[in-house]
Amino acid sequence: MEELLFIRQDVLPALLRGLRISLMLIIPSGLCGFALGVFVGALRVYGSPWVKRLTNGYVIIFRGFPLVVQLFIWYFGLPHIGIYLTPFLASVLGFTLCSAAYHSEYVRGAFQSIKGGQRLAAQALGFTKLEMIRTIILPQAFRRAVPGCGNELIYLIKYSSLAYMITCIELTGEGKVIASETFKYTEIFFMVGLIYLLLTSLATLSLRRIEDKLRIPGFDNYNP
Amino acid sequence: MLEYLTAIGDALPYLLQGSLVTIALVVGAMALGLVIGILLAVGLVYGPPYIRALFSMYVWFFRGVPLLVLLFLFYFGLFTLVGINISAFTAAVIVLGLISSAYQSQIFRGGILSLPEGQLKAARALGMSDGKAICSIVLPQALRLSIPGWSNEYSIVLKDSAIAYALGVAEVMARAHFVASRTYQHLPLYFTAGVIFLILTYMGTKALRVLEERLRIPGYMR
Amino acid sequence: MAKRILLFLVISAAMALTIGPAFSQDKVYVNGIDANFPPFAFVDKNGNPDGFDVKALDWIAKDQGFKVKHQPMDWDGIIPSLNAKKIDMIASGMSITDKRREQVNFSIPYYKITQVLVALKDSKLTVDQLLDQGNKVGVQRGTTEAKWIEENLIKKGKKNFSLLYYDSAPLAVEDVVNGRIAAAAMDDAPAKDAVKKKPVRIVGTFGMPDEDFGYAVRKADTELLDKINTGLKKLMACPYWQELKVKYELD
Amino acid sequence: MRAMGEQKEVLKVEKVTKKYASKEVVKEASLAVNEGEIKVLIGPSGGGKSTLLQCINFLVTPDKGRIWLEGKEVLHSQKKNLYEYRQKVGMIFQDFNLFDHLTALGNVEIALLKVRKMTKKDARDRAVAELERVGLRDHIRKYPAQLSGGQKQRVSIARALAMDPKVMLLDEPTSALDPELITEVHAVIKALGAEGMTMVMATHQIGFASHLADEMLFMEDGIIVETGAPAKLLLQAEYARTREFCAKLTGRYGETR
């Protein structure tokens, strides 16, 4: 009984507070990461050679450094060159840049999977390069990239749990703070885990619905 | 700049020793993930409905909860709940391995499903049992096809292993942190840790590419 | 080829899983330390655990005839780790508090620690000013000062400042130097260590009562606690104690 | 038949050359097409027919050579000029290249909307009309994957026609089709010819082409070896290679219409 009261009075409000911060981290990072990923992915396919080299380098570094390390560098490292980010901004920046690198991989694959004939046909009809990318290539590439990018979003939800390490106390951080005060690690992390499971499941379901909505007959036989 | 370089130079041997711990974490986790992942994949493709449902639940759970949360849960919870006492290192290997098994099962499942149906039929026609057919005909092909996906999974597990630092496992990231606490040279040390991971990623994926070439069957797809 | 690789992987999985327990199977006591807590506990240049508490415990172990190994741990989970038998003792600058006494037994106090605020060297602000004006103050997660500030300064709402939680005190100091936070609240000994290495100064105490450091062991391990207490008393009476204090620049 | 003097030159190609690595795939190919004329390129596979057609539309940039449309030279390095030119030249591909994410209707509409900036309603009306013209009224809502090869090629013809091309380039329009589907596409092309559409077509369907063509061009190893009226080229070609090729082809495809 006392246990329940403790959960209702102390644990739940803290976890909900953390959840709010987690969502505030995930949503902008997800959106910006995807947008940047599409941009970088397009550059990696259609850019000039040195743009390709530059963007590929970006992807190698941001996919190669563990996210924890990236976060520490954004938060504790950037001040060495005079840039001071709040924990929240540093987290969003870290998540955005890292997930954009992953998104760009899926986007690049999607662009490359589009047959050359599609470009030829659009050019033959007199499309400008920009119009061709916008109306012919992107809608197709987008559909092909959705499953991969969706997965990346799920990853992002999970990796947002790292933000507390740079003092942005979100769901996991709140859990950790209460756990270290009350020593009830098992119970608290069980609840934290459940909340994340709920979040990732919701995201998976809605992504599946989006995929269904976007489905075009004969267009889904694509293996990444 | 010079200050940074000396800080890196001083810490490098210690950090490099840490990369052995990181490698042990990753090899252990990948191996555990491989064994469980193959079982899951076979169950998911060929198993009866209840097995498929059960295995899907497993995959759903381990893909849905953050590594960090699972780490804390296993490290502290296993003892509280069932009295099993494991070290931080073991906890990290197990959790990394279980999560990876969920992802690896999807890679292997994709490999199995991409094989033409005729392969299994032909094996059955030769009088092989289903188990034998899967082990000696389906898996050798499916696993070959899975190497690129597996190599990707390796780089993910490698980077995730840095999170084990939260339990105090003295891998590269934790060591960078320890040294920084003494020397107050946070930026160069984290950066060096990052570069070590980059090199480990590169070496591992390279090795797997060599493996893929070695195992390639002439004229085989991809 | 493929089979051999598979075999290798299975064996290495098995090995990886057995390495861990192997540590705790031999009769060596494991001391959990926060390796981010100089000068009491840290990792030296060669990667070996070092620090006032580490060296003191080494002496006690030798004196009392047991073996000890120092294991860096995550600080805010260190008491659950002790109770989950992952370690056998904590000698790493741990303050004795009533809340912790509910979980573990403490040795006799061996060092009086004062909590101080650390700010930039050229900062002219006083303690009162630091804990006001909407300033941010950093603190290590899971420490007594974190808890005390929350309960006595934040929750009562007298002061106008906010608290940020760090992985370790040095990281909080790093952020003071970065200018992101006005001050870091921490034990005076690591604060002195920070002053030597970074352009910061100790501004002063902030009203938190002094605390005693003690070594923690599980409630059931009374025998071990006796050994530690006996050894500790002996050590504090011998000149090596002073030597240690000088070496690690305590006092 | 119009009198010679009235004939208007629609397309002129002069000495177009294209090299890949060191191999010259098209060597100084020249041709001119008058309004309402149909020219057919024949020749062995890999002879450069397809590359020549793609060079004409600058889908492959020629290394050398000049091209005029209705007497105006195409300055392909100027993007605006290039896009305008391409709008006036319809292209039919061997493998259709329908936009896979759009329905039959969408495929015809998209360029009207995005390139010619027509209003939605106008584009829709025009697209439906063109699809009716190629006999696909009942299939306008289907996606490419739901259409047969012959239907796909008819959609692609409708897509090109909707742009009001001055000339159509057809790159082996029926070679990717099953034999039973060829007839429906041939019928559409024939009807176009009857309406006076100017066309340049590469094909292996000699029988069909000989009835349609005003002139045939035999192309081998990147060179236009010989040109002439179908009857002349097929039966009494000057060059031995042409005769040999035509004899083989008429033998094989002679009956096909």
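To find a chain, count down the sequence lines: A is the first, B the second, and so on, and within it residues start at 1. Only heavy atoms go into these numbers, but all of them, side chains included; no hydrogens, no water, no symmetry mates.
Counting heavy atoms from C-beta outward, Thr135(A) and Phe99(D) have side chains that stay 4.5 Å or more apart. The shortest distance between side-chain heavy atoms of Gln54(D) and Leu120(A) falls below 4.5 Å. Between Leu125(A) and Met163(D), some side-chain heavy-atom pair lies under the 4.5 Å cut-off.
The greatest number of non-hydrogen atom pairs below 4.5 Å with chain D, out of Gly116(A), Ala122(A), Gly117(A), is found for Gly117(A).
Closest approach of Ala121(A) and Arg159(D) over heavy atoms only: CB-NH2, 3.3 Å. Closest of all the heavy-atom pairs between Leu98(D) and Gln118(A) is O-NE2, 2.5 Å. Closest of all the heavy-atom pairs between Gln87(D) and Gly126(A) is CG-CA, 4.0 Å.
Residue Lys114(D) touches chain A through both its backbone and its side chain, counting heavy-atom pairs closer than 4.5 Å. Heavy-atom distances place both the backbone and the side chain of Gln123(A) under 4.5 Å from chain D. Contacts of Arg119(A) with chain D are absent, with no heavy-atom separation under 4.5 Å from either backbone or side chain.
Looking only at distances, a side-chain donor or acceptor of Tyr83(D) sits under 3.5 Å from a matching main-chain atom of Lys129(A).
Heavy-atom contacts from other residues, nucleotides or ligands closer than 6.0 Å to CZ of Phe39(A) number 12 or fewer. No more than 12 heavy atoms of other residues, nucleotides or ligands lie within 6.0 Å of CZ in Phe190(A), so this atom counts as exposed by the packing criterion.
With respect to Lys115(A) and Asp100(D), a salt bridge is recorded, a charged nitrogen being found less than 4.0 Å from a carboxylate O.
Note that CD of Glu131(A) and CD1 of Ile110(D) are 8.5 Å apart. Values are rounded to the nearest 0.5 Å. Atom CG of Leu214(A) is separated from atom NE2 of His101(D) by 11.5 Å, given to the nearest 0.5 angstrom.
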